[in-house]
Amino acid sequence: MAESLVVRAPRGFDGERALPDGVSVLVDGGRVVGVEPMDAPLPDGWPVADFPDATILPGLIDAHVHLCGDAGPGALERLPAFDDEHLAGVIDDALRRHLAAGVTTVRDLGDRRWAVLDRRDAGTSGLPTILASGPPITSVRGHCWHMGGEAAGPDQLRDAVRERAERGVDVVKVMGGGGATTPGTDIMRCQFTPEDLRLVVEEAHAAGLPVTVHGHALAAVEQAVAAGADGVEHCACLTESGLGVTAEVVEALARRQVAVCPTLGALPGVPLPPPFVALLARAGLTPEQGRQARIRVVADLHRGGVPLISGTDAGIGPPKAHGVLPLAVAALLESDVPVTDALASATAVAARCCGIADRTGRLRAGLTADLLVVHGDPLVDIGALERVAAVMVGGRWAVG
């Protein structure tokens with residue numbers, strides 16, 4: 001492929017707004033060097049890749065994945081049985097599936113003993129860029145304890161943050177509450193004291209690292225906000241009596257601009273795993289009632305000004321296959337999120353909240369040439385986001 005290239009289409013989305021009159025993206029040396037109208041004069045001698053009836057967007061960012069998970073039943077619980085060679089294959093297969101869906105950056109928030117971090121450091125040329133947390137910090141025998149992140153008490157928590165900083169993680173992930181996929185944990189309860197969670201946040205911030213907290217339960221979300229966390233994963237706001245976010249929590253999340261990744265998106269027609277069905281039943285909800293309640297929670301968060309970023313929880317089980325990010329973006333529309341905001345949740349807003357806005361997430365001169373070309377217009381038909389025509393990673397075509 002030529003180093004210099006113009007990628008041209010009759011429509012574009014630059015990560016923040018629509019470009020309805022078309023766009024020519026000038027790529028050179030792996031970077032975007034110009035973004036011009038479709039009919040603008042082009043540099044002499046530059047080859048042109050024309051995509052009629054298509055839309056050019058920044059490559060998508062999936063802000064919550066588990067590359068170690070193979071998306072089979074009990075995926076995370078089976079991790080201890082994987083040998084290193086098998087695990088490496090699972091990770092690479094997951095990356096390829098994300099790439100095929102137009103994803104050029106993934107944020108991995110559940111790593112078995114640094115395998116994903118090692119894969120990041122080995123280089124991912126031609127595959128999505130990896131942001132990695134390493135094993136999530138969890139309580140003893142807490143949610144996803146088998147990934148290797150157990151810690152108890154101030155000294156161990158400080159050591160856990162220090163190790164992650166020394167290994168060069170991109171974000172610190174903390175399991176603020178239990179999880180449906182880890183037997184023996186209670187999703188309704190917090191796993192750490194307020195003091196311990198605040199300690200983790202303060203230690204991470206002192207090391208220059210952001211913190212995102214796993215929290216399905218309302219109590220875990222409240223604790224994460226009070227501790228000063230930068231992000232909350234899931235944020236279902238689950239209680240014994242149902243799902244619902246309080247006005248006070250919405251106001252606090254919005255005031256502090258805490259990024260919420262609601263981990264929407266799932267393969268249609270694939271049943272919810274039994275542990276999740278049981279969890280909803282405990283709250284007095286059927287799966288469909290739970291889905292509708294999630295829609296209302298996300299709508300409340302959006303109306304309240306809380307930053308929403310798209311991530312899928314990919315890899316944890318059959319409904320959460322790798323490569324379903326377009327479905328997560330589409331799901332935001334059910335909560336009356338405008339389509340431009342939904343697309344931004346997987347591009348510009350995700351890049352900002354993940355700390356990589358200076359590298360990717362927008363069609364801007366100087367940023368890495370991570371591009372997605374889709375057939376049709378996702379601003380009119382969000383389903384077009386699934387109709388991938390081509391994907392560029394770092395200035396080179398990786399799909400199409």
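Fair warning: this is a prediction, and the values are worked out from it, not measured in the lab.
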> Out of curiosity, Met175 CE to Cys190 SG, how far, rounded to the nearest 0.5 Å?
Replying inline: 14.0 Å
> Does Arg119 use its side chain to pair, donor to acceptor, with the backbone of Ala115 at less than 3.5 Å?
Replying inline: no
>> Applying a strict under-4.5 Å side-chain criterion to I, L, V, M, F, W and Y, I'd like to know whether Leu76 and Ile187 cluster together.
In response: yes
>> Tell me whether Asp53 is salt-bridged to Arg11, with the criterion being a basic N under 4.0 Å from an acidic carboxylate O.
In response: yes
> Is it true that Glu288 and Arg291 have a side-chain N and a carboxylate O under 4.0 angstrom from each other?
Replying inline: yes
>> Checking the side chain of Thr368 only, and the main-chain atoms of Arg359 only, is there a donor and an acceptor separated by less than 3.5 Å?
In response: yes
>> With heavy-atom distances below 4.5 Å as the criterion, would you say the side chains of Asp92 and Leu67 are in contact?
In response: no
>> I need the full list of side-chain hydrogen bond (donor to acceptor under 3.5 Å, both in side chains) pairs touching residues 257-279, with sequence neighbours left out, sorted by first then second residue.
In response: His234-Thr263
Would you mind writing out the side-chain donor-acceptor pairs for residues 151-159 within the sub-3.5 Å range, not counting sequence neighbours?
| from | atom 1 | to | atom 2 | distance (Å) |
| --- | --- | --- | --- | --- |
| Gln156 | OE1 | Ala152 | N | 2.9 |
| Asp159 | OD1 | Arg162 | NH1 | 2.6 |

>> Looking only at the side chains, is there a donor atom on one of His66 and Asp313 sitting less than 3.5 Å from an acceptor on the other?
In response: yes
> Can you check side-chain contact (heavy atoms from CB on, under 4.5 Å) on Leu199 and Phe192, steps first, answer last?
Replying inline: CA-CA 10 Å; Leu199 172 66; Phe192 293 102; over 6 Å; no
>> Measuring from atom CG of Leu385 to atom CG of Leu60, what distance do you get when rounded to the nearest 0.5 angstrom?
In response: 5.5 Å
> Rounded to the nearest 0.5 Å, what separation is found between the NZ atom of Lys320 and the CG atom of Leu327?
Replying inline: 9.5 Å
> Does Asp121 have any side chain to side chain contact (heavy atoms under 4.5 Å, CB included) partners at least two apart in sequence or in another chain, and if so, which?
Replying inline: Leu117
> Between Arg78 and Asp70, does at least one N-O distance fall below 4.0 Å, as a salt bridge requires?
Replying inline: yes
> Side chain of His322, backbone of Gly69: donor and acceptor closer than 3.5 Å?
Replying inline: yes
>> Does this structure show an ion pair linking Asp300 with Arg296, if we count only N-O contacts that are shorter than 4.0 Å?
In response: no
> Under 4.0 Å between a Lys/Arg side-chain N and an Asp/Glu carboxylate O for Arg396 and Glu3?
Replying inline: yes
>> Let me confirm one number: the CG-CG distance from Leu379 to Leu343, rounded to the nearest 0.5 Å.
In response: 5.5 Å
> Between Arg112 and Asp84, is a salt bridge (Lys or Arg N to Asp or Glu O under 4.0 Å) present by the stated rule, with each step listed?
Replying inline: CA-CA 10 Å; Arg112 193 198 79 175; Asp84 291 347; 3.4 Å; yes
> Thr138 and Gln191: side-chain donor and acceptor closer than 3.5 Å?
Replying inline: yes
>> Would Val27 and Val6 count as a side-chain contact (heavy atoms from CB on, under 4.5 Å) here? Give the steps.
In response: CA-CA 6 Å; Val27 176; Val6 179; over 6 Å; no
>> I'd like to check Val171 versus Val211 (side-chain heavy atoms, cut-off strictly below 4.5 Å). Are they in contact?
In response: no
>> To the closest 0.5 Å, what do you measure between CD1 (Ile130) and CG (Asp108)?
In response: 7.0 Å
> Knowing that exactly one of Val221, Val249, Thr212 qualifies, which makes a side-chain contact (heavy atoms from CB on, under 4.5 Å) with Val232?
Replying inline: Val221
>> Enumerate the side-chain hydrogen bond (donor to acceptor under 3.5 Å, both in side chains) contacts for residues 27-47, please, sequence neighbours excluded, ordered by first and then second residue.
In response: Ser4-Asp28
>> Under the side-chain contact (heavy atoms from CB on, under 4.5 Å) test against Val103, which residue among Asp62, Ile61, Val393 passes?
In response: Asp62
> Which of these, Asp111, Val116, Leu127, Thr124, sits in a side-chain contact (heavy atoms from CB on, under 4.5 Å) with Ile91?
Replying inline: Val116
Donor-acceptor pairs under 3.5 angstrom involving side-chain atoms of residues 264-283: please list them, not counting sequence neighbours.
| from | atom 1 | to | atom 2 | distance (Å) |
| --- | --- | --- | --- | --- |
| Arg282 | NE | Glu240 | OE1 | 3.4 |
| Arg282 | NE | Glu240 | OE2 | 3.4 |
| Arg282 | NH1 | Asp186 | OD1 | 3.0 |
| Arg282 | NH2 | Asp186 | OD1 | 3.1 |
| Arg282 | NH2 | Asp186 | OD2 | 3.3 |
| Arg282 | NH2 | Glu240 | OE2 | 2.9 |

> So how far is it from His64 NE2 to Cys354 SG, rounded to the nearest 0.5 Å?
Replying inline: 11.5 Å
> Got a sec, which pairs hit ring-ring contact (aromatic ring centres under 6.0 Å, His included) with one end in residues 136-190, sequence neighbours left out?
Replying inline: His143-His214
> Looking at Arg364 and Asp14, does any basic side-chain N land under 4.0 Å from a carboxylate oxygen?
Replying inline: yes
>> Check whether Gln289 reaches the backbone of Thr286 with its side chain - one donor and one acceptor, N or O, closer than 3.5 Å.
In response: yes
> Is it true that Lys173 and Glu233 make a salt bridge, defined as a side-chain N closer than 4.0 Å to a carboxylate O?
Replying inline: no
> With the threshold set at 4.0 Å, does a side-chain nitrogen-carboxylate oxygen contact exist between Asp230 and Arg256?
Replying inline: no
>> Are Leu325 and Ile382 connected into the same hydrophobic cluster when the rule is that any two of I, L, V, M, F, W, Y join if their side-chain heavy atoms are below 4.5 Å apart?
In response: yes
